[in-house]
Protein chains: 2
Amino acid sequence: MKEEFRLDNQLCFRLYTASRLLTQAYNPLLSAHGLTYPQYLVLLVLWENDAQPVNDIAKRLCLETNTVTPLVQRMEKQGIVTRAKGTNDARQIIVSLTDKGQQLQTALTDVPLAVGGAIACKSLTPETVPALFQTLDDMIAQLKKNLKRDT
Amino acid sequence: MKEEFRLDNQLCFRLYTASRLLTQAYNPLLSAHGLTYPQYLVLLVLWENDAQPVNDIAKRLCLETNTVTPLVQRMEKQGIVTRAKGTNDARQIIVSLTDKGQQLQTALTDVPLAVGGAIACKSLTPETVPALFQTLDDMIAQLKKNLKRDT
DNA sequence: GTTATTTATATCGTTCGCGATACAAAAGTA
DNA sequence: TACTTTTGTATCGCGAACGATATAAATAAC
């Protein structure tokens with residue numbers, strides 16, 4: 001049995017598990033407001049910059065538009081966002097927050113702190129987190145470059 | 001705009017993105033053999049210990065059995081594993097590798113190295129990886145504890 | 001100005017991932 | 001033994017993710 005095949009040596013499995021479990025920690029907090037985690041991410045993007053085309057949202061979240069389109073359509077049905085044809089470019093669909101979407105920012109104020117509590121452990125300190133962020137950002141940049149190259 | 005809502009301050013988004021992109025790096029290598037990444041994870045588990053009940057596989061991968069059951073059913077259809085009723089406990093379904101499943105280990109020998117190449121970056125060195133693994137393992141353990149508690 | 005190419009979004013099909021639920025086998029209890 | 005509870009697996013439904021494909025609008029090429 002090759003050492004590289006051991007599950008305990010897999011970086012990807014760790015990321016995959018950490019990502020899923022951390023998302024699960026968000027779930028009760030978000031579903032109380034009828035949201036899923038990817039929908040919450042779209043909200044984060046729009047709270048930073050309202051009225052963006054689908055493509056910009058997808059790029060910001062490193063998702064394909066065929067993932068974001070139905071996601072945003074569901075959010076439109078819930079009255080969280082509106083979708084309108086772009087004026088400059090008629091191909092674009094501009095996604096904007098409704099009042100309800102804006103107000104969710106207030107309703108979800110406690111979410112970051114609550115999730116922070118669920119994840120708090122001795123390996124995550126103000127000293128270690130920046131290095132962790134740096135490593136993940138570096139990995140993500142590297143993967144983006146390599147994945148794009150194969151297209 | 002609260003600082004905690006900024007996408008660039010989100011650990012979960014980084015993990016989510018890194019996990020997805022790294023899985024995408026596996027994809028061409030795995031799909032060449034008709035496999036998906038979660039199916040590859042099941043293989044890793046069975047290569048370590050053949051003939052395990054669905055529940056043990058699910059626990060090892062931190063997945064629910066209702067995720068693993070259809071996953072393994074698809075692998076059975078492909079002739080990679082067999083599913084047989086347990087002898088001690090008639091409720092269990094024991095999942096075992098077929099010859100084809102065993103041989104995939106040889107066919108996929110180069111996968112870990114190839115993925116390692118796609119992810120190689122200056123933040124991932126023999127010095128930093130152990131700390132990264134430790135942090136992720138610590139986070140995962142913490143999340144498991146907290147998620148279980150809410151049940 | 002017409003044609004070819006690219007770009008932005010959408011639709012379709014398949015696989016995950018998981019909450020909710022169902023059901024039979026096993027274990028515990030009266 | 002009869003009854004209750006727990007456990008292992010499966011089914012159902014829904015929301016991601018994403019490859020493949022379609023379509024219209026914008027851009028480039030000629």
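Residue numbers start from 1 in every chain, and the chains themselves are labelled A, B, ... in the order their sequence lines are given, proteins ahead of strands.
Under a 4.0 Å N-O distance rule, the pair Arg60(B)/Asp8(A) qualifies as a salt bridge.
Straight-line distance from the CZ atom of Arg83(B) to the P atom of dG8(D): 17 Å, rounded to whole Å. Residue Lys85(B) contributes atom NZ, which lies 10 Å from atom C1' of dT9(D) at whole-angstrom precision. Distance NZ (Lys59(B)) to C1' (dT7(D)): 9 Å, rounded to an integer number of Å. Counting to the nearest Å, the C1' atom of dA25(D) and the CG atom of Asn55(A) are 14 Å from each other. Tyr26(B) places its OH atom 16 Å from the P atom of dC18(D), with the value rounded to the nearest Å. One atom, OH of Tyr37(B), and another, C1' of dA16(D), lie 18 Å apart when rounded to the nearest Å.
Using modelled atom types, no side-chain atom of Asp138(B) and backbone atom of Cys121(A) make a donor-acceptor pair closer than 3.5 Å. Remark: side-chain polar atoms of Ser19(A) are not paired, donor with acceptor, to backbone N or O of Ser19(B) under 3.5 angstrom. Between the side chain of Trp47(A) and the backbone N or O of Gly101(A) there is at least one donor-acceptor pair closer than 3.5 Å. Between the side chain of Gln92(B) and the backbone N or O of Gln52(B), no donor-acceptor pair lies under 3.5 Å. Remark: side-chain polar atoms of Thr98(B) are paired, donor with acceptor, to backbone N or O of Gly79(B) under 3.5 angstrom.
Of all the heavy atoms in Gly34(B) and Gln78(B), the pair that sits closest is O-NE2, 2.9 Å. Taking each heavy atom of Ala114(A) and Leu29(A) in turn, the nearest pair found is CB-CD1, 3.8 Å. The heavy-atom pair separating Ala25(A) from Val115(A) by the smallest distance is O-CG2, 4.5 Å. Across Arg14(B) and Leu7(B), no two heavy atoms sit closer than the pair NH1-O, 4.5 Å. Between Leu108(A) and Pro112(A) the shortest heavy-atom distance is O-CD, 3.7 Å.
Scanning DNA chain C 5' to 3' for nucleotides with an atom closer than 4.0 angstrom to a non-hydrogen atom of chain B gives a first and last hit of dT15(C) to dA26(C).
Contacts between residues 41-53 of chain B and DNA chain C, defined by a heavy-atom separation under 4.0 Å, are absent. Interface residues of residues 60-80 of chain A facing DNA chain C, ordered by number: Thr65(A), Asn66(A), Thr69(A), Gln73(A); criterion, heavy-atom separation under 4.0 Å. Shown for residues 89-98 of chain B: residues whose heavy atoms fall under 4.0 angstrom of DNA chain D, namely Arg91(B), Gln92(B), Ile93(B). Of the residues in residues 9-17 of chain B, not one places a heavy atom less than 4.0 Å from an atom of DNA chain C.
Judged by distance alone, the side chains of Glu3(A) and Asn9(A) do bring a donor and an acceptor atom under 3.5 Å apart.
Using cut-offs of 30° and 60° on the angle between ring planes, the pair Phe5(A) and Tyr40(B) is perpendicular. Taking the six-membered ring where tryptophan is involved, the planes of Tyr37(B) and Tyr16(A) are perpendicular, since the angle between them exceeds 60° and thus also 30°.
Put simply, Leu15(B) and Leu63(A) are part of the same group of oily side chains (I, L, V, M, F, W, Y) that touch within less than 4.5 Å, one to the next.
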Would you be so kind as to tabulate the donor-acceptor pairs closer than 3.5 Å made by side chains of residues 126-136 of chain A, with sequence neighbours excluded?
unit_1	atom_1	unit_2	atom_2	d
Glu127(A)	OE1	Thr125(A)	OG1	3.2
Thr128(A)	OG1	Ser123(A)	O	2.8
Thr128(A)	OG1	Thr125(A)	N	2.8
Thr128(A)	OG1	Thr125(A)	O	3.2
Thr128(A)	OG1	Thr125(A)	OG1	3.4
Thr135(A)	OG1	Ala131(A)	O	2.9

